[in-house]
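Here is the structure we will look at.
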Amino acid sequence: MKISEIGKLLDAELLAGEEHLDSEVISACCSDMMSDVLAYVKDQGVLITGLINSQVIRTANMMDMICIVFVRGKRPTPEMVELAEECGIAVMCSEKRAFEASGILYAAGLSHSGGH
Amino acid sequence: MSDVVKFRFDVDGSDFSSAGAASVTVKKKLRQLGYSPDVIRRVSIAMYEGEINMVIHANGGIAEVEASDDKIVIVLADKGPGIPDVELAMQAGYSTAKDHIRNLGFGAGMGLPNMIKYTDDLRIDTVVGEGTTITMTVLI
């Protein structure tokens with residue numbers, strides 16, 4: 001699935017990383033616990049979260065994720081958006097709740113594992 | 001890449017918003033030095049977990065990374081409270097982090113287990129009341 005399609009499916013606003021819209025991802029992870037993202041994520045390209053702090057961006061960077069979707073209408077700060085640009089991560093915001101956003105993406109073909 | 005490349009960072013313990021910044025920088029530098037994505041990922045996740053721990057538990061400290069042809073060594077030294085029971089601290093899910101840290105998305109008790117998982121060697125030198133030094137090695 002292309003990142004641009006994630007944006008359309010979730011009716012999301014893109015805040016950073018327009019150059020990544022054509023990048024392909026095959027799996028995603030949904031969590032507000034960055035500890036768990038660090039412990040359990042393997043080859044997931046997309047992070048779905050409602051947590052707002054700089055560590056969300058840094059955690060995604062550490063895990064080589066290329067897209068973060070902030071749900072529940074949460075908006076990252078300008079500093080977070082700037083950090084994401086630096087790290088080469090696409091950032092978008094959706095009004096949908098985490099469960100709904102995850103369900104939509106799962107139904108559309110994103111999996112929870114790397115798919116290898 | 002025959003020389004040893006060294007990096008040193010003062011990790012600020014007073015400002016959580018900057019926690020993890022040193023690890024982001026190291027990841028970028030290791031990419032520039034041409035290490036494999038797998039090595040870079042292991043080093044950066046292990047260092048990031050350690051860096052966050054230093055900020056949460058020890059009011060910051062010094063992070064040093066030495067990158068050479070055959071290994072990358074990360075040393076995290078703090079003057080925090082020390083770890084009274086290292087074996088307990090190593091257990092997955094055990095954490096002394098307070099609720100406000102969990103609200104920031106950390107403190108699940110997975111930091112040290114994750115650091116062990118991603119490194120080839122991890123040594124903890126800790127003295128209660130004086131501080132902790134964690135030395136992690138990732139072999140190339």
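If you're wondering where the values come from, they're calculated on a predicted model, not measured in any experiment. Only this structure's heavy atoms are used, side chains among them; waters, hydrogens and symmetry mates stay out. Residue numbers start from 1 in every chain, and the chains themselves are labelled A, B, ... in the order their sequence lines are given, proteins ahead of strands.
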Looking only at side chains, do [X] and [Y] share a donor and an acceptor under 3.5 Å apart?
X: B:Asp38; Y: B:Ser36; result: no
X: B:Asp125; Y: B:Thr133; result: no
X: A:Gln44; Y: A:Ser27; result: no

Considering only heavy atoms, which portion of [X] lies under 4.5 Å from any heavy atom of chain A: side chain, backbone, both, or neither?
X: B:Ala92; answer: neither
X: B:Tyr118; answer: side chain
X: B:Ile40; answer: neither
X: B:Tyr48; answer: side chain

- Item | Note: B:Lys71-B:Glu66 ion pair, threshold 4.0 Å (strictly below) | no
- Task: Considering only NZ, NE, NH1 and NH2 on the basic side and carboxylate oxygens on the acidic side, decide whether B:Asp120 and B:Arg42 come within less than 4.0 Å.
- Result: yes
- Message: Below 4.5 Å, heavy-atom pairs only: which of B:Arg102, B:Glu49, B:Met47 has the largest tally toward chain A?
- Response: B:Glu49
- Exactly one of A:Lys74, A:Arg72, A:Met34 clears side-chain contact (heavy atoms from CB on, under 4.5 Å) with A:Thr49, and that residue is A:Met34
- Task: State, with a plain yes or no, whether a side-chain heavy atom of B:Asn59 is found less than 4.5 Å away from one of B:Asp78.
- Result: no
- In terms of heavy-atom pairs under 4.5 Å with chain B, the winner among A:Asn53, A:Leu51, A:Leu38 is A:Leu38
- Message: Checking B:Ile124 now: which residues fulfil side-chain contact (heavy atoms from CB on, under 4.5 Å) with it, not counting sequence neighbours?
- Response: B:Ile83, B:Val86, B:Met90, B:Leu112, B:Leu122, B:Thr126, B:Thr132, B:Ile134
- Are the side chain of A:Glu13 and the backbone of A:Cys93 linked by a donor-acceptor contact shorter than 3.5 Å? no
- Note on the structure: Expected contact set for residues 57-71 of chain A against chain B at heavy-atom separation under 4.5 Å reads A:Arg58, A:Thr59, A:Asn61, A:Met62, A:Met63, A:Asp64
